Amino acid sequence: MPDIQSILEGLLSEAVASAFGSEFADADPILRQATSPRFGDYQANLAMGLAKRLGQKPRDIADAIKEKLTLGDAITDAEVAGPGFINLTLNPDLLATQLGSMFRSDRLGVAKSDPPAKVVVDYASPNLAKEMHIGHLRSTIIGDAIARVLEFQGQDVIRHNHIGDWGTQFGLLLEHLIETGWADSTDSSISDLNVLYQQAKVRDDNDPAFAERARKRVVDLQSGEPQARKIWEMLIVESIRHMNQVFSSLGVQLTDDHLKPESFYNDRLSGVVEAIEGAGMIRDLKGAKVVYVDGFFNKEGEPLPMAIQKSDGGFGYPATDLAAVHYRVADLKADRVVYVVDSRQKDHFRQFFKVAEDVGWLKDGAELVHVGFGTIMGADRKPFKTREGGTVKLADVLDEAVDRAGKVIAEKAPELPSEERDAIARVVGVGAVKYFDLSNDRIKDYVFDWDRMLALEGNTAPYLQNAYVRIRSIFRKGEVEPSSLSGREIKLEQAAERALALQLLQLPRIIQSVADSLEPHRLCTYLYELASSFHKFYEKCPVLAADSDARRDSRLALCDLVARTLKQGLGLLGIDTVERM
RNA sequence: GCCCACGUAGCUCAGUUGGAUAGAGCAGCGGACUUCUAAUCCGCAGGUCACAGGUUCGAAUCCUGUCGUGGGUACCA
């Protein structure tokens with residue numbers, strides 16, 4: 001069934017063609033949702049744009065279109081207002097029919113994209129040998145949300161966790177571990193590694209000789225030297241174990257199946273260099289093989305080199321990134337590769353995207369997209385740190401969120417058994433952290449604020465989860481199974497019901513807009529407005545105590561649609577719901 | 001220096017890709033609970049959309065410049 005937008009656009013095109021000739025049939029009707037109920041439900045803004053082309057006044061054009069507009073099944077009223085807006089009021093029966101079809105759809109009316117595109121989503125991608133910290137949060141959950149939305153749309157999504165298991169940090173760590181004799185011990189934990197890495201980092205910054213030896217270790221590792229290899233494997237196992245623990249408490253859909261570590265591309269690196277050399281793009285700079293990309297300059301104003309192969313023979317991240325592009329586009333045949341990585345790396349992405357294009361790897365029109373995001377700030381507007389000024393561990397953030405959520409639940413719902421309260425605290429606490437992050441425009445920095453994210457008012461996860469809970473409570477109390485409502489007629493009588501209906505029917509458009517823009521916060525805003533519309537409806541319209549069975553069933557169906565939309569929407573953000581809270 | 005983002009109410013943020021009188025939440029003031037869960041709802045107040053030009057029927061949104069904040073500026077990622 002065509003959606004409302006398409007139906008209206010069709011009617012408007014017919015009217016324009018009938019008023020001014022068929023050559024105008026493809027004019028964009030510029031259909032928008034009305035900004036206020038007093039302007040009807042939708043407005044068409046094409047009359048102003050046609051004024052020049054037709055040499056007539058916008059209002060006269062709008063009047064002419066309005067005259068030819070078919071009223072009845074879809075539109076019950078059309079009025080011209082302002083400079084030439086055509087305000088449209090929808091037939092409630094059309095809304096009801098649309099809702100009926102949404103109710104019967106297990107996808108809530110969201111069409112599957114056909115044919116599906118193959119999309120690689122590269123996200124989380126932490127550097128190993130360090131504990132996961134707050135800086136890993138955004139890539140992990142924004143990427144997860146994007147992957148879920150694209151998958152729901154029916155795209156062929158391939159998740160890649162491009163973990164840093166191969167770079168310079170391992171040189172530092174290896175050199176330090178071998179020198180201190182740690183390499184001969186058997187027991188290790190990620191916290192130990194964290195400390196050892198910090199020690200190594202300090203030495204690297206202050207001791208050029210150490211730095212030199214550490215760089216040599218990277219070359220050893222990449223060329224398969226046995227001792228380096230053996231220690232490295234121990235480090236990797238421990239790091240991945242820790243990473244998976246964090247993913248699990250975060251509720252992220254990444255498993256070992258999605259690991260595509262930097263080391264995976266090792267035996268492709270020399271081929272990458274050869275291909276770029278073959279394209280005549282490699283230059284020599286002090287022994288390093290570099291590429292120059294137009295438009296990038298260093299502090300001295302000279303063209304900025306990007307090192308594909310370092311002067312010591314080792315490969316840096318540009319080589320790995322280029323090998324990954326080639327693998328994803330040429331081997332996996334991806335149509336789109338999405339990189340969910342901090343905005344600060346924007347220049348790096350622009351550079352190697354351009355190189356990949358110039359080498360000719362994007363022949364089939366494959367699209368590379370850097371989905372950048374801002375920094376999480378503390379209350380002082382500086383990057384979020386612990387009170388002592390240290391790195392905030394991701395596991396600690398989640399623990400505290402659950403802890404804080406638990407306290408609120410103990411206060412608000414003391415009647416629930418403590419075991420259930422613990423489970424709810426986990427869903428609410430983790431959901432609050434994730435939603436708070438996702439609900440901000442990803443390109444901007446945001447200030448981390450416990451009170452705000454766990455607040456029950458405003459655009460927060462608990463507010464949405466509570467709307468869901470209230471609906472489930474209605475069904476429990478009324479002892480109604482949602483499936484039993486199938487086929488019942490939905491009647492939209494109250495303004496609050498009509499507003500809710502219009503809101504529900506926007507879901508497909510919102511999903512599309514998130515998929516196009518790769519901005520999950522658009523879904524958050526939508527869900528918040530939906531929950532808000534529901535709460536207004538809830539105050540105004542008794543459901544179980546409605547004054548007729550037909551009205552009760554109609555409202556129950558509306559409630560169920562809201563619940564399913566909230567659950568689905570939150571699910572696409574990687575956030576769970578509970579039955580009570 | 002050069003390049004890239006961002007600047008909306010006291011605070012934290014939206015703003016449907018250029019549409020009507022710029023919207024929420026918090027904080028402030030005033031209301032609504034023997035409840036389908038008040039973890040909610042209703043009302044009041046709060047704005048030179050950083051500033052100045054430009055594009056056009058129409059700009060918070062696009063362009064140019066200025067100011068401010070943050071980031072990037074090879075062989076860390």
Side-chain angles (χ1 to χ4, degrees), chain A residues 30 32-36 39 43 45 47-49 51-52 57-58 81-85 87 125 127 164 167-169 172 204 215 262 285-290 295-301 304-312 314-318 320-321 341-348 350-351 372 374-375 381 408-409 411-413 439-441 443-447 449 451-452 455-460 462-463 465-467 469-478 506 509-510 513 516-517 521-522 524-526 528-529 532 535-536 538-540 542-546 555 559 580-581:
Chain A
I30 317 183
R32 296 290 126 92
Q33 267 196 282
T35 51
S36 156
F39 300 138
Q43 55 173 274
N45 300 336
M48 287 78 77
K52 193 163 282 178
K57 287 184 198 160
F85 303 114
N87 293 335
S125 309
N127 280 328
T168 310
Q169 78 272 23
L172 300 182
D204 181 55
R215 252 180 287 284
E262 290 179 338
L285 177 61
K286 296 179 184 168
K289 293 183 175 180
V290 306
F296 292 89
F297 301 94
N298 67 14
K299 288 168 197 162
E300 283 72 42
L304 182 69
M306 182 170 70
I308 307 293
Q309 188 163 15
K310 299 188 276 186
S311 47
D312 61 12
F315 296 97
Y317 56 91
T320 310
D321 281 330
V341 181
D342 195 304
S343 290
R344 284 176 289 204
Q345 292 186 37
K346 186 170 189 173
D347 282 357
H348 165 60
R350 283 174 52 208
Q351 286 183 75
T375 308
R381 281 264 169 196
V408 178
I409 292 158
E411 181 195 328
K412 302 281 186 186
S439 63
N440 284 284
D441 188 350
I443 207 68
K444 298 182 184 174
D445 298 344
Y446 74 85
V447 178
D449 184 333
D451 293 334
R452 215 181 291 279
L456 300 317
E457 292 123 12
N459 189 9
T460 65
Y463 178 86
Q465 287 164 330
N466 180 52
V469 161
R470 286 178 122 183
I471 296 170
R472 299 301 303 146
S473 173
I474 291 174
F475 280 90
R476 260 199 314 277
K477 188 145 288 189
Q506 299 306 314
R509 273 190 51 246
I510 300 297
S513 130
D516 290 342
S517 64
H521 81 279
R522 293 172 185 248
C524 296
T525 304
Y526 168 74
Y528 173 55
E529 284 169 357
S532 179
H535 278 132
K536 282 169 191 167
Y538 183 90
E539 295 288 327
K540 272 248 154 63
V543 178
L544 294 177
R555 287 178 180 169
C559 284
R580 299 190 285 184
M581 65 190 273

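Throughout, protein chains are lettered first and strands after them, A, B, ... in sequence-line order, and every chain is numbered starting at 1. Given the structure is predicted, the values throughout are model-derived calculations rather than measurements.
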Quick one: the dot-bracket string of RNA chain B, using Watson-Crick and G-U wobble pairs with both distances under 3.5 Å, [ ] for crossing pairs and | for bases paired to another strand. (((((((..((((.....[...)))).(((((.......))))).....(((((..]....))))))))))))....
Taking the [atom1] atom in each of [N] and [M], what is the distance between them to the nearest angstrom?
| N | M | atom1 | answer |
| --- | --- | --- | --- |
| B:rC6 | B:rU61 | P | 13 Å |
| B:rU12 | B:rG7 | C1' | 15 Å |
| B:rA22 | B:rU8 | C1' | 8 Å |
| B:rG1 | B:rG65 | P | 15 Å |
| B:rU34 | B:rA39 | P | 14 Å |
| B:rA45 | B:rA24 | P | 13 Å |
| B:rC42 | B:rC4 | P | 45 Å |
| B:rC44 | B:rA27 | C1' | 15 Å |

Of the candidate nucleotides [options], which contains the atom at the shortest distance from the side chain of [X]?
| X | options | answer |
| --- | --- | --- |
| A:R215 | B:rG7, B:rC76, B:rU17 | B:rC76 |
| A:L285 | B:rU17, B:rU37, B:rA74 | B:rA74 |
| A:M581 | B:rU37, B:rC36, B:rA39 | B:rA39 |
| A:L304 | B:rU16, B:rU73, B:rC41 | B:rU73 |
| A:K286 | B:rA74, B:rU12, B:rU56 | B:rA74 |
| A:A413 | B:rC26, B:rA39, B:rC6 | B:rA39 |
| A:S473 | B:rG19, B:rC36, B:rC13 | B:rC36 |
| A:K346 | B:rU37, B:rA74, B:rC4 | B:rC4 |
| A:K412 | B:rA39, B:rC36, B:rA5 | B:rA39 |
| A:D347 | B:rA20, B:rG25, B:rG72 | B:rG72 |

Nearest-Å distance for atom pair [atom1]/[atom2], residues [X] and [N]:
| X | N | atom1 | atom2 | result |
| --- | --- | --- | --- | --- |
| A:N298 | B:rC3 | CG | P | 14 Å |
| A:D441 | B:rC13 | CG | P | 11 Å |
| A:Q33 | B:rA20 | CD | P | 13 Å |
| A:I471 | B:rC36 | CD1 | P | 16 Å |
| A:E529 | B:rG15 | CD | P | 10 Å |
| A:Q351 | B:rU73 | CD | P | 10 Å |

Counting any heavy atom closer than 4.0 Å, what does [X] reach on the DNA or RNA strands: base, sugar-phosphate only, or nothing?
| X | result |
| --- | --- |
| A:F296 | nothing |
| A:S517 | base |
| A:A545 | nothing |
| A:Y463 | sugar-phosphate |
| A:Y528 | sugar-phosphate |
| A:R452 | base |
| A:R522 | base |
| A:Q345 | base |
| A:P462 | nothing |

Taking for A:I30 and for A:V469 the nucleotide of RNA chain B with the nearest heavy atom, the one nearer the 5' end belongs to A:I30
Position toward the 5' end of RNA chain B (nearest nucleotide), A:Y317 or A:A81: A:A81
Within the pair A:H521 and B:rG15, is there a side-chain N or O less than 4.0 Å away from OP1 or OP2? yes
At less than 3.5 Å, do the side-chain atoms of A:Q43 and the base atoms of B:rA20 form a donor-acceptor pair? yes
Determine whether a donor-acceptor pair (one donor, one acceptor, N or O, separation below 3.5 Å) exists between the side chain of A:N87 and the base of B:rA20. yes
Under 6.0 Å between the ring centres of A:F85 and A:F39? no
Non-hydrogen atoms of A:I474 and A:C559 that approach each other most closely: CD1-SG, 4.3 Å
